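To start, the structure under review is shown below, and the notes come after it.
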Amino acid sequence: MWIVRHHKLTVFFTEENNMLQSVRLSLLPASLPPSYHPFCEIFENYLNGKQVSWPAYNQELLTPFQKLVFAAVVTIPYGETRTYKEVASMIGRPKAYRAVAQALKHNPFPLVIPCHRVVSSNFPQDIGGYTPDPEIKKILLTLEGVLF
DNA sequence: CGTGGCCCCGCTG
DNA sequence: CAGCGGGGCCACG
């Protein structure tokens, strides 16, 4: 388990075979000291407001539907948002927006798969859901320069 | 504003 | 196989 600290967020990730295995975000500071791994610098750069190229991530545990959804979500440009409905249309299933939300809820690679860029149809009044905390979603969108 | 169909996936019995 | 619960959406009042 590797840890990257930011002034507002802490990122935890695991790596194996030069691939991300999991990513987790927390609003709370880590109780463990920061650690060093080549991927840490990528997360640090992102948290400092830079656009980065993410490492590969392990897709083995993803369902076919999740793979479809995530493949669409990774194409959303930095600093832009799409609605759940728009993502559903991107994968050719315009009525599956609720299922899209379910898939994103279980995103094992937040930041890398930028589910924070997927928002409610009446954004910015309603930002849409996010785990573990919608506040993290706001922090990430602000970091990317999205205006509310 | 709130409410109720509607739709689709994945989990559960 | 049926039922149900979501990080939603839209029409309606």
Side-chain angles (χ1 to χ4, degrees), chain A residues 1-17 19-32 39-40 42-148:
Chain A
M1 170 83 77
W2 305 91
I3 301 174
V4 182
R5 287 195 193 184
H6 175 60
H7 62 99
K8 287 183 177 171
L9 288 177
T10 303
V11 180
F12 303 84
F13 69 91
T14 59
E15 176 274 342
E16 207 174 304
N17 306 322
M19 275 193 307
L20 286 168
Q21 303 296 317
S22 69
V23 176
R24 189 165 61 83
L25 307 179
S26 172
L27 281 171
L28 302 172
S31 54
L32 300 168
F39 291 173
C40 289
I42 300 174
F43 285 102
E44 281 165 12
N45 284 337
Y46 174 79
L47 293 170
N48 287 325
K50 296 177 187 168
Q51 296 191 47
V52 300
S53 302
W54 295 109
Y57 53 89
N58 183 1
Q59 304 208 28
E60 281 177 24
L61 298 179
L62 305 182
T63 67
F65 185 75
Q66 275 182 315
K67 290 180 187 172
L68 204 58
V69 171
F70 295 167
V73 170
V74 295
T75 70
I76 305 173
Y78 183 96
E80 295 188 23
T81 61
R82 298 289 185 276
T83 66
Y84 295 93
K85 190 181 181 182
E86 284 169 335
V87 172
S89 293
M90 288 166 82
I91 64 173
R93 319 273 294 268
K95 295 179 180 172
Y97 39 82
R98 247 183 133 165
V100 166
Q102 284 311 102
L104 294 181
K105 178 181 182 180
H106 300 111
N107 176 13
F109 307 102
L111 304 187
V112 180
I113 296 164
C115 57
H116 57 281
R117 295 180 193 146
V118 186
V119 297
S120 164
S121 281
N122 44 19
F123 178 82
Q125 287 87 358
D126 179 7
I127 192 174
Y130 200 80
T131 46
D133 190 330
E135 183 62 25
I136 297 178
K137 193 172 186 176
K138 286 186 196 167
I139 291 170
L140 297 177
L141 291 175
T142 304
L143 183 70
E144 296 191 9
V146 174
L147 300 177
F148 291 73

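Below, chains carry the letters A, B, ... as their sequence lines are ordered, and counting in each starts from 1. Bear in mind that the values here come from a model prediction, so they are computed numbers and not experimental data.
In this structure, the CD atom of Q125(A) is 13 Å from the P atom of dC9(C), given to the nearest Å. Atom NE2 of H106(A) is separated from atom P of dC11(B) by 8 Å (rounded to the nearest Å). In this structure, Y84(A) places its OH atom 19 Å from P of dC8(B), rounding to the nearest Å. The NZ atom of K105(A) sits 10 Å away from the P atom of dG8(C) (whole-angstrom rounding). Atom C1' of nucleotide dG6(C) and atom CD of Q66(A) are separated by 14 Å, given to the nearest angstrom. Following rounding to the nearest Å, F123(A) (CZ) and dG8(C) (P) show an atom-to-atom distance of 14 Å. Counting to the nearest Å, the C1' atom of dC1(B) and the CG atom of N122(A) are 13 Å from each other. Summarising the geometry, the separation between CG on L61(A) and P on dG10(B) is reported as 14 Å, rounded to the nearest angstrom.
In this structure, T63(A) reaches the dG10(B) phosphate: one of its side-chain N or O atoms is under 4.0 Å from OP1 or OP2. For dG7(C), one of the phosphate oxygens OP1 or OP2 lies less than 4.0 angstrom from a side-chain nitrogen or oxygen of Q102(A). A close approach under 4.0 Å does occur between a side-chain nitrogen or oxygen of S121(A) and OP1 or OP2 of dC9(C). Phosphate contact (OP1/OP2 of dG8(C), side-chain N/O of T83(A), threshold under 4.0 Å): absent.
Pairing each heavy atom of Y78(A) with each of L143(A), the nearest pair is OH-O, 3.6 Å. Contact between C115(A) and L104(A) at its shortest, heavy atoms only, is CB-CD2, 3.9 Å. The minimum heavy-atom distance linking L141(A) with R117(A) is given by the pair CD2-CA, 4.2 Å.
Within a 6.0 Å sphere centred on NZ of K50(A), other residues, nucleotides and ligands contribute 12 heavy atoms or fewer.
At the heavy-atom level, T131(A) lies under 4.0 Å from base atoms of the strands shown. The residue F65(A) sits close only to the backbone: its heavy atoms come under 4.0 Å of sugar-phosphate atoms, none of a base. Backbone-only engagement by K85(A) is indicated by non-hydrogen atom pairs under 4.0 Å involving sugar-phosphate atoms exclusively.
Put simply, the side chain of D133(A) gets close to the backbone of E135(A): a donor and an acceptor are under 3.5 Å apart. A donor-acceptor pair under 3.5 Å is absent between the side-chain atoms of S26(A) and the main chain of T10(A), judged by distance alone.
Between F13(A) and F39(A), the angle of the ring planes lies from 30° to 60°, which puts this pair in the tilted group.
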Residues L27(A), L9(A); criterion side-chain contact (heavy atoms from CB on, under 4.5 Å); working and verdict: CA-CA 5 Å; L27(A) 281 171; L9(A) 288 177; 4.0 Å; yes

Evaluation steps, side-chain contact (heavy atoms from CB on, under 4.5 Å), between I136(A) and H116(A): CA-CA 8 Å; I136(A) 297 178; H116(A) 57 281; over 6 Å; no

From CA spacing to verdict: side-chain contact (heavy atoms from CB on, under 4.5 Å), F123(A), V118(A): CA-CA 10 Å; F123(A) 178 82; V118(A) 186; over 6 Å; no

Do any N or O atoms of the protein come closer than 3.5 Å to N or O atoms of nucleotides 3-7 of chain B, and which pairs are they?
| residue | atom | partner | partner atom | Å |
| --- | --- | --- | --- | --- |
| dC6(B) | N4 | R98(A) | NH1 | 3.3 |

Per-nucleotide pairing state of DNA chain C [Watson-Crick or G-U, under 3.5 Å; [ ] pseudoknot-crossing; | other strand]: ||||||.||||||

